Amino acid sequence: MLTDYHLHLRPDDEGAAAEDYFTERNVDRYLEAAEERGIGELGVSEHIHRFEQALEIWDHPFWRENAIDDLDAYCGFVRTTPLRLGIEADFIPGAEDRIASLLEAREFDYVVGSVHFLGDRAVDHLGFDVWEDGGDPDRVWSRYFETLAEAARSGLFDILAHPDLVKVWGKARPYPDRDLRFYYEPAVEAVAESGIAVEVSTAGLRKPVGEIYPAPEFARMCLDAGAEFALSSDAHLPEDVGYGYDRAQEFLAGIGVERICVFEGRERRLEPIG
Ligand SMILES: [Zn+2]
Ligand SMILES: [Zn+2]
């Protein structure tokens with residue numbers, strides 16, 4: 001079994017209109033790409049900040065600009081397709097109850113939990129760059145993985161997305177001097193306690209860092225702590241479905257992972273990879 005659960009039907013481009021992407025024709029392009037690449041389980045997890053209902057959770061200028069779609073229309077549309085229904089939801093500290101109400105009111109197959117923001121600054125978004133005022137790498141990395149730990153422990157999510165996203169810019173931003181395992185530690189502990197699935201995402205291969213998320217060392221620590229893994233490309237276009245899966249399979253085999261998580265109705269089971 002191969003899966004691609006962390007997919008976006010529409011590009012991140014702000015001008016993109018939902019009605020152009022939430023169409024049978026567009027879904028068919030994703031399904032065809034998946035079939036060609038031998039991916040048996042496909043699901044979509046649109047960004048929560050695309051939906052007007054998200055403003056009940058967080059009032060951030062980036063969300064305000066983007067929150068134009070209707071979440072229930074999206075869920076209804078995905079249910080008319082063979083895709084699994086997911087959502088990529090940010091972890092916003094202090095908004096746990098509001099996130100839970102939004103998620104529990106809909107019948108998702110899985111929820112992908114992400115940390116993109118530290119306070120109101122983003123680790124992966126130039127408009128709100130956390131590094132803009134010369135961020136201290138030790139502080140940024142500590143805070144990122146502590147927030148990731150909180151996200152895992154919140155119990156809101158089934159999959160922990162792109163677990164070391166903080167490295168997205170690669171050498172274009174300062175790296176901490178310490179052994180990176182020092183920063184991973186609190187997040188790995190939270191993964192172990194919560195049982196959340198750890199996403200292996202090939203999206204990092206398409207970003208300046210040019211690496212799979214997470215680093216092999218992070219994945220190894222999670223594995224030693226008893227974690228299970230989910231596999232995704234974070235594609236925003238059909239041509240990126242299953243992107244870099246040869247490398248992802250090598251990566252998983254290299255650390256000794258033989259099974260991946262498959263989701264339905266927020267229940268998970270494990271299937272052999274391949
Ligand atoms: Zn993301
Ligand atoms: Zn995504």
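Note that the structure is a prediction, hence the values are computed from the model and not measured. Just so you know, ligand 1 is whichever comes first in the structure, and atom 1 is the first atom listed for that ligand.
Using a 4.0 Å cut-off between charged side-chain N and carboxylate O, R173 and D129 make a salt bridge. Taking 4.0 Å as the cut-off between side-chain N and carboxylate O, D28 and R25 do not count as a salt-bridged pair.
Transitive grouping of hydrophobic side chains (ILVMFWY, heavy atoms separated by less than 4.5 Å) keeps Y21 and V241 in distinct clusters.
At least one donor-acceptor pair under 3.5 Å links the side chain of T81 to the backbone N or O of V78.
Remark: R106 is not positioned above the aromatic ring of F108, lacking an NZ or CZ atom under 6.0 angstrom from the ring centre and at most 45 degrees off the axis.
Between Y110 and Y5, the ring-plane angle classifies as tilted under the 30° and 60° cut-offs.
Less than 2.8 Å away from the Zn ion (ligand 2), the protein contributes these N/O/S atoms: H6 NE2, H8 NE2, E88 OE1, D234 OD1.
When the Zn ion (ligand 1) is compared with the N/O/S atoms of H116, atom NE2 turns out nearest.
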